Protein chains: 2
Amino acid sequence: MLTIGQLAAYVGVTVRAVRHYHQIGLLPEPGRDASGYRRYGPAAVVSLIRIRTLAEAGVPLSRIARMLEADAPAFAEAVRKIDADLREEIERLETSRERIARLAAGDSLALPPEVTSYLDRLREIGVTERMVEGERDGWILLVARWPDRVPAMMPGKLAQLDDPRIVRLYRVLSGAFESDAADDPRLEEAADIMAEMAEEAYASGETDFDEAAAQDDLPFDLMDALAVEADPRATRMLDLMRERGWARWTRMDRLPEPPSR
Amino acid sequence: MLTIGQLAAYVGVTVRAVRHYHQIGLLPEPGRDASGYRRYGPAAVVSLIRIRTLAEAGVPLSRIARMLEADAPAFAEAVRKIDADLREEIERLETSRERIARLAAGDSLALPPEVTSYLDRLREIGVTERMVEGERDGWILLVARWPDRVPAMMPGKLAQLDDPRIVRLYRVLSGAFESDAADDPRLEEAADIMAEMAEEAYASGETDFDEAAAQDDLPFDLMDALAVEADPRATRMLDLMRERGWARWTRMDRLPEPPSR
DNA sequence: TGGAGGGTTGACGCAGCGTCAGGGTCAACC
DNA sequence: GGTTGACCCTGACGCTGCGTCAACCCTCCA
């Protein structure tokens, strides 16, 4: 007759594990000796070995009891189920590994490479780091909403950077938000550029965003709010744009009627 | 300003998950509105997206906070660590899958194929199912102790089955233990055969078990006890063997002095 | 006879939420 | 103005497979 420690040592598990199997009813409680110690016979050793064999094969403890008393076809069916579960779990972990590998490679979190290279271009043309981070967060919001559509719109955005007015716009905004002035006059210039370009785009029917994006205001509301949160002076920009007949900032919409001034 | 449900929906997580992140301090608690509802600004949306990006890449929640504020080299190091953890976990699951595949293929649990084919041979020569199961459990005890050495000893055991006396022995024992008699005379015949063969083996120096097994009594004590547990009449067999000068049953040892009768 | 090294029960901790329970709030419709 | 359904709130337990105290008892050996 073995003590619990001897049993555990024979099978290669911890004492705690054996007691756990008792608790959940997987291994029957053996008799006790005079001093209350559990005493195990050889059949318990065999049972425990069989339990561990299944557990080490990835069978959840809750299913082991049923499997041990199953007949051959039921056993085979259970094995298939377990194996499918294991495969699924492995699958999930593999996906995680791919994702983390991409995280290690990319510049920033939660952004596809097309967007990070757009951000790099912004840095090159002299946009301040603070503003690039604001852009980045805006793109994060867009990508979360349309993970598949965003990469497709990046070539157009990159092309826009060839227009000297856009470059000028970004630089003017960078400067304005970097200064200490509460109401920098450069904001007016920026608003003029934006209104002009919005006018052109509107006239030619061009748009950065597709149908779905045009219906769904939330991401753009969030992006506008993000700018305001980052620098309250962004509110002023929104006002200036509204004066010029344009609602919003990050996706400009023509206001229904001339602004009341 | 978003409610928790809107925030969760935007990012694609559950409300409960967001609250969990608050609890563990991963996402800061936002301000409340007049009725006590949490209200989220766009920065919270971005934070949550970044958290989920890491979490979906397999980063434990407890490390996400540190990773989000890490610089590039520290981030890369953390990524290496996470990836190693993921690889290890996948490794473990793959091992489980191999094991369960082998379980599906084999006859019985916790036994190598060499042993299961030995058990099949026993069935072929007419050993009762009950006795085969007893043998199986005995082998389970041996394999648990010496997983590497057991397969090597199986060819010898299989060869023994070519000896008609062994076949006779198994059949006699099968019959004796299947009967209702408390003291079947066939047990004597079995004891005679075993003693005779033990004598031969002892004289020629042959042995089923190697050095290590000869030193370690526990598995054999357990196997003897297993037989007694399965059928108390096995005690009688042990007595008969002792009368003939042999201790134990499953690994016979010469008794130090002639039995006192 | 005392101390080391067993054994006993009971309870919390771990990861990442899911899922009640038992409330209050908001917006809309009758 | 009352009802309804969809949200929101906090608090707490559940899941998996044990690890790890805590506080106490038993056995064996020098």
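Each chain gets a letter, A, B and so on, in the order the sequences are listed, and its residues count up from 1. The shown structure was predicted, so the numbers you read here are calculated from the model rather than taken from an experiment.
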Colleague: Report the distance from atom CG of Leu7(A) to atom P of dT8(C), rounded to the nearest whole Å.
Modeller: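 It works out to 11 Å between those atoms.
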Colleague: Among residues at least two apart in sequence or on other chains, which ones pass side chain to side chain contact (heavy atoms under 4.5 Å, CB included) with Ser96(A)?
Modeller: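 With neighbours one apart ignored, the set is Leu86(B).
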Colleague: Measure from the side-chain N and O atoms of Gln6(A) to the backbone N and O of Thr3(A), and report whether any donor-acceptor pair falls under 3.5 Å.
Modeller: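 Yes; judged by distance alone, with no hydrogens or angles, the pair exists.
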Colleague: Please report the distance, rounded to the nearest Å, between CZ in Arg38(B) and C1' in dG24(C).
Modeller: 14 Å
Colleague: Using the rule given for salt bridge (charged side-chain N to carboxylate O under 4.0 Å, His left out), can you reason through Asp239(A) versus Arg242(A), listing the C-alpha separation, both sets of side-chain angles and the distance that settles it, and then say yes or no?
Modeller: CA-CA 5 Å; Asp239(A) 290 343; Arg242(A) 248 191 300 274; 3.3 Å; yes
Colleague: How long is the line joining CD1 of Ile51(B) and C1' of dC17(C), in whole Å?
Modeller: 14 Å
Colleague: Grab the two heavy atoms, one from Thr53(B) and one from Ile49(B), that are nearest each other, plus how far apart they are.
Modeller: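 So the two residues come closest at OG1-O, 2.7 Å.
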Colleague: Would you mind writing out the side-chain donor-acceptor pairs for residues 9-17 of chain A within the sub-3.5 Å range, not counting sequence neighbours?
Modeller:
{"residue": "Tyr10(A)", "atom": "OH", "partner": "Leu141(B)", "partner atom": "O", "Å": "2.8"}
{"residue": "Thr14(A)", "atom": "OG1", "partner": "Ala17(A)", "partner atom": "N", "Å": "3.0"}

Colleague: Taking the side chain as everything from C-beta on, heavy atoms only, tell me whether Val45(B) gets closer than 4.5 Å to Leu226(A).
Modeller: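 Not touching, per the 4.5 Å side-chain cut-off.
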Colleague: Pick base, sugar-phosphate or nothing for Arg39(A), based on heavy-atom distances below 4.0 Å to the nucleic acid.
Modeller: nothing
Colleague: Tell me every residue that passes side-chain hydrogen bond (donor to acceptor under 3.5 Å, both in side chains) with Glu135(A), counting only those two or more places apart in sequence or in another chain.
Modeller: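 Checked Glu135(A) against side-chain hydrogen bond (donor to acceptor under 3.5 Å, both in side chains); matches are Trp139(A), Tyr170(A).
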Colleague: Taking all non-hydrogen atoms of both residues into account, name the closest pair between Ala65(A) and Leu26(A) and its distance.
Modeller: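 Closest approach of Ala65(A) to Leu26(A), heavy atoms only: N-CD1, 3.7 Å.
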Colleague: Would you be so kind as to tabulate the donor-acceptor pairs closer than 3.5 Å made by side chains of residues 66-75 of chain A, with sequence neighbours excluded?
Modeller:
{"residue": "Arg66(A)", "atom": "NH2", "partner": "Ser62(A)", "partner atom": "O", "Å": "3.3"}
{"residue": "Asp71(A)", "atom": "OD1", "partner": "Ala74(A)", "partner atom": "N", "Å": "3.3"}

Colleague: Would you mind classifying the nucleic acid contact of Arg19(B) as base, sugar-phosphate or nothing, using non-hydrogen atoms under 4.0 angstrom?
Modeller: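 The residue Arg19(B) makes base contact.
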Colleague: With heavy atoms under 4.0 Å as the rule, sort Arg32(B) into base, sugar-phosphate or nothing.
Modeller: sugar-phosphate
Colleague: Taking only residues two or more places apart in sequence, or in another chain, which ones meet Tyr40(B) in a ring pair (Phe, Tyr, Trp, His ring centres under 6.0 Å)?
Modeller: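 Once residues adjacent in sequence are excluded, the partners of Tyr40(B) under the ring pair (Phe, Tyr, Trp, His ring centres under 6.0 Å) criterion are His22(B).
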Colleague: Would you mind reading off the distance between His22(B) atom NE2 and dG16(C) atom C1', rounded to a whole angstrom?
Modeller: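 Rounded to whole Å, this separation is 16 Å.
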Colleague: Once you build an axis from the first five pairs and another from the last five of the helix from dT1(C)-dA30(D) to dC30(C)-dG1(D), how far apart in angle are they, to 10 degrees?
Modeller: 30°
Colleague: Return the residues of residues 80-96 of chain B meeting this criterion: a heavy atom under 4.0 Å from some atom of DNA chain C. Order them by number, or give none.
Modeller: none
Colleague: On DNA chain C, compare the nucleotides closest to Arg52(B) and Ala34(B); which residue's is nearer the 5' end?
Modeller: Arg52(B)
Colleague: Show me the protein contacts with nucleotides 1-6 of chain C, counting only N or O atoms at under 3.5 Å.
Modeller:
{"residue": "dG6(C)", "atom": "N2", "partner": "Tyr37(A)", "partner atom": "OH", "Å": "2.9"}

Colleague: Which residues, if any, of residues 10-17 of chain B bring a heavy atom under 4.0 Å of DNA chain C?
Modeller: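 Residues of residues 10-17 of chain B under 4.0 Å from DNA chain C: Thr14(B), Arg16(B), Ala17(B).
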Colleague: Please enumerate all residues that pass ring pair (Phe, Tyr, Trp, His ring centres under 6.0 Å) together with His20(A), with sequence neighbours excluded.
Modeller: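 For His20(A), no residue satisfies ring pair (Phe, Tyr, Trp, His ring centres under 6.0 Å) once neighbours in sequence are set aside.
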Colleague: Measure the distance from CD on Gln23(A) to C1' on dG10(C) and round it to the nearest whole Å.
Modeller: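 Going from CD in Gln23(A) over to C1' in dG10(C) covers 9 Å.
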Colleague: Is there a donor-acceptor pair closer than 3.5 Å between any side-chain N or O of Glu89(B) and the backbone N or O of Leu93(A)?
Modeller: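 Answer holds: no.
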Colleague: Would a 4.5 Å heavy-atom cut-off, applied to side chains only, mark Ile90(B) and Glu94(B) as touching?
Modeller: yes
Colleague: Report yes if at least one side-chain N or O of Ser35(A) is closer than 4.0 Å to OP1 or OP2 of dG7(C); otherwise report no.
Modeller: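 It does not, given that no N or O in the side chain of Ser35(A) lies less than 4.0 Å from OP1 or OP2 of dG7(C).
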Colleague: Mind calculating the distance between CZ (Arg63(B)) and P (dA15(C)) to the nearest angstrom?
Modeller: 10 Å
Colleague: So do Met223(B) and Arg248(B) actually touch side chain to side chain, heavy atoms under 4.5 Å?
Modeller: no
Colleague: Could you check whether Arg251(B) makes a cation-pi contact with Phe220(B), meaning its NZ or CZ is under 6.0 Å from the centre of the six-membered ring and within 45° of the ring axis?
Modeller: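 Arg251(B) over Phe220(B) ring: yes.
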Colleague: So, using side chain to side chain contact (heavy atoms under 4.5 Å, CB included) as the criterion, who are the partners of Ala55(B) when residues are at least two apart?
Modeller: Arg52(B), Leu61(B), Ile64(B)
Colleague: Can you see which heavy atom on Ala247(A) is nearest to which on Leu255(A), and at what distance?
Modeller: CB-CD2, 3.5 Å
Colleague: Tell me which of Gly36(B) and Ala55(A) sits closer to the 5' end of DNA chain D, going by the nucleotide each one is nearest to.
Modeller: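 The residue whose closest nucleotide sits nearer the 5' end is Gly36(B).
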Colleague: Under 4.0 Å from a heavy atom of chain B: give me the 5'-most and 3'-most nucleotides of DNA chain D that qualify.
Modeller: dC7(D) to dA12(D)
